[in-house]
There are 2 protein chains.
Amino acid sequence: MLLDRTVPAETGHAADFADAEFADAGCAAASQAGDAALESWLQRELPRLGLPLQRRRVRAKQHVFRAGQPRTALYLVHAGFFKTALVSEDGREKITGFRMRGDLLGLDALDMNAYACDAVALDTGELWEVPFARLRNECPQFQERITALLAQEIRRDWNWMLALGTLGADQRVVTFLFDLAARLQALGFSGECLQLRMTRAELGNFLSLTLETVARSLSRLQARGLIEVAGREIVLRDRAALSGLLAAGGRVH
Amino acid sequence: MLLDRTVPAETGHAADFADAEFADAGCAAASQAGDAALESWLQRELPRLGLPLQRRRVRAKQHVFRAGQPRTALYLVHAGFFKTALVSEDGREKITGFRMRGDLLGLDALDMNAYACDAVALDTGELWEVPFARLRNECPQFQERITALLAQEIRRDWNWMLALGTLGADQRVVTFLFDLAARLQALGFSGECLQLRMTRAELGNFLSLTLETVARSLSRLQARGLIEVAGREIVLRDRAALSGLLAAGGRVH
DNA sequence: CGTTTGGTTGACGAGTATCAAATGGGGTGG
DNA sequence: CCACCCCATTTGATACTCGTCAACCAAACG
């Protein structure tokens, strides 16, 4: 399995999008590392409470849950790559994010009894069921952790709203590549050589572009020697120049 | 409805963005009404805990707080109209939302010790300081309430990401008008006759449009007899036709 | 094999951004 | 009270990005 590795320490971050910010207050006992902290925390706490670790395995294109279904559990991504998506009643779809190891699925529906979005696996993966109700009651730190995750998601979304609203196609693509690279690097992967798990259409949907525009943008960047594209494998060749593209500034409105 | 299958009837698109949603689970004691519930709850609980109610008055264009400042408090909007905005280091600004009575300012930075966005008053208003730390410790229901508000904000943001990514200019404007109308109505205002508190530029910024495009869109809608525009006063003349505009469907990507 | 799915590229047009100018209202100071 | 200016808004002309439609290719799959 591609994603299985132990997680090293927090490393560098790309721009606005990584969560460089961490409250030192609160959660004294639990946290110190980045994303995957929740995983090891669960591994430690669940046995202590006498709760079994429920694993759920999924294959590519399989739905973890769908919007409207009764919310039975929260899922922690342990391996694999997922997307969460909103679908309006007139069929418009919007991918709200790509989720990987350490991310929680279902957080956005915490206050409801039905899921608020679809969660779909993009390749085979494993989920850990998080017994939210029990943990909330028996472990006060957990509640704060959840709160922090929610706030982080809001800031992430706001940053994307800023990017999508002010940047051109190429800049959006580059921003995405940097974001993905930073997240992968935080999980111990290369950070230079990216293996996309989503189609051009899904990428375009997330960036509010058409699949053609994404393909063209990648081709342009490759033609300029900034990246190398081979299907879903992308190599960042010239980070400086790519950053320059972003700094070139978008519309200010 | 986009997200909330718990809500009964379709009333048209206005409801998509309003917070019609309320989990019946949890918060048993506290909630029943709409937004202003938190206000009356505070009014009841603060005296009970021996905490004074700190009011803060602000004038138009005055900053409540700025991104990066130490996070001293959460603010509940009691009166007035506010915007929250993100500013990237290269100067691009993005208004992340307009906040009115019952909304909380600063929620998105709960896990940090510095604010994550700017909050600016658009007219004179009054804020209530929320002693978050005390309430969290002494009142378990409060924590859940906060969690719910965070999750709701995420869904709101996602819905706007969907709208901005898939709708044309006129549809975005109509969506905004419906959303505003629904929120005002929930506060006991007309719902037909809207008094905008923001400039065309701010509206455009929020909708990822230029101020000219917003002006033109409003003019078009007025020319078709769907709305009446007089500066910042807007009257919804033909809700059905406006809904039709939305249903006409946007790009599907 | 044929079929399906994902990706690339081209030609063209629609929808907005951009630049520019004119209008109007509200406030301030004379 | 008026003149003036500043700001917000409206409207027009033009440019340009990106969406749309289409053809083609490659790989995967039944």
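In the text below, chain A, chain B and the rest are named by the order of the sequence lines, each starting its count at 1. This structure is a prediction, so every number in the text was calculated from the model and none was measured.
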Query raised in the report: Do the rings of Tyr75(B) and Phe65(B) sit parallel, tilted or perpendicular, given the 30° and 60° boundaries?
Result: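 Correct class here is parallel.
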Query raised in the report: How are the rings of Phe206(A) and Trp160(A) set to each other: parallel, tilted or perpendicular (split at 30° and 60°)?
Result: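 Answer is perpendicular, since the angle exceeds 60°.
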Rounding to a whole Å, what distance do you find between [X]:[atom1] and [N]:[atom2]?
| X | N | atom1 | atom2 | answer |
| --- | --- | --- | --- | --- |
| Glu233(B) | dG25(C) | CD | P | 14 Å |
| Leu122(A) | dG6(C) | CG | C1' | 14 Å |
| Arg232(A) | dT8(C) | CZ | C1' | 14 Å |
| Leu207(B) | dG15(C) | CG | P | 18 Å |
| Leu211(B) | dG12(D) | CG | P | 16 Å |
| Arg220(B) | dG15(C) | CZ | C1' | 9 Å |
| Leu167(A) | dT17(D) | CG | P | 15 Å |
| Leu164(B) | dT16(C) | CG | C1' | 15 Å |

Report task. For a salt bridge (Lys or Arg N to Asp or Glu O under 4.0 Å) with Glu202(B), tell me which candidate from Arg232(B), Lys83(B), Lys94(B) qualifies. Result ->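 Option passing the salt bridge (Lys or Arg N to Asp or Glu O under 4.0 Å) with Glu202(B): Lys83(B).
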Query raised in the report: With respect to Thr96(A), which candidate in Asp108(A), Asp118(A), Thr84(A), Asp157(A) satisfies the side-chain hydrogen bond (donor to acceptor under 3.5 Å, both in side chains) definition?
Result: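 Looking at Asp108(A), Asp118(A), Thr84(A), Asp157(A), the match for Thr96(A) under the side-chain hydrogen bond (donor to acceptor under 3.5 Å, both in side chains) is Thr84(A).
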**Report entry** Result of checking Arg197(A), Lys61(A), Gln195(A) against Asp123(A) for side-chain hydrogen bond (donor to acceptor under 3.5 Å, both in side chains)
**Finding:**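 Output: one option passes, namely Arg197(A).
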Do the side-chain N or O atoms of [X] get closer than 4.0 angstrom to the phosphate oxygens (OP1, OP2) of [N]?
| X | N | value |
| --- | --- | --- |
| Thr199(A) | dT5(C) | no |
| Arg200(B) | dT9(D) | yes |
| Thr210(B) | dT18(C) | no |
| Thr213(B) | dA17(C) | yes |

Query raised in the report: Considering only side-chain heavy atoms of Ala169(A), which listed nucleotide, dG12(D), dC18(D), dA8(D), is closest?
Result: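 Side chain of Ala169(A) sits closest to dC18(D).
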Query raised in the report: Of all the nucleotides listed (dT16(C), dT11(D), dT9(C)), which has the minimum atom distance to the side chain of Ala215(B)?
Result: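 Out of dT16(C), dT11(D), dT9(C), the nucleotide with an atom closest to Ala215(B)'s side chain is dT11(D).
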Query raised in the report: Just checking Ser208(B): base, sugar-phosphate only, or nothing, at a heavy-atom cut-off of under 4.0 Å?
Result: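 Here Ser208(B) touches the backbone only, sparing every base.
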Requested in this report: Could you say whether Lys61(B) or Glu212(B) is positioned toward the 5' end of DNA chain D, judged by the nucleotide with the nearest heavy atom to each?
Outcome: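 Looking at the nearest nucleotide for each, Lys61(B) comes out on the 5' side.
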Query raised in the report: Considering only heavy atoms and no angle criterion, is a donor-acceptor pair shorter than 3.5 Å present between the side chain of Arg216(B) and the base of dG12(D)?
Result: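 Counting by modelled atom types and ignoring angles, a donor-acceptor contact under 3.5 Å is found here.
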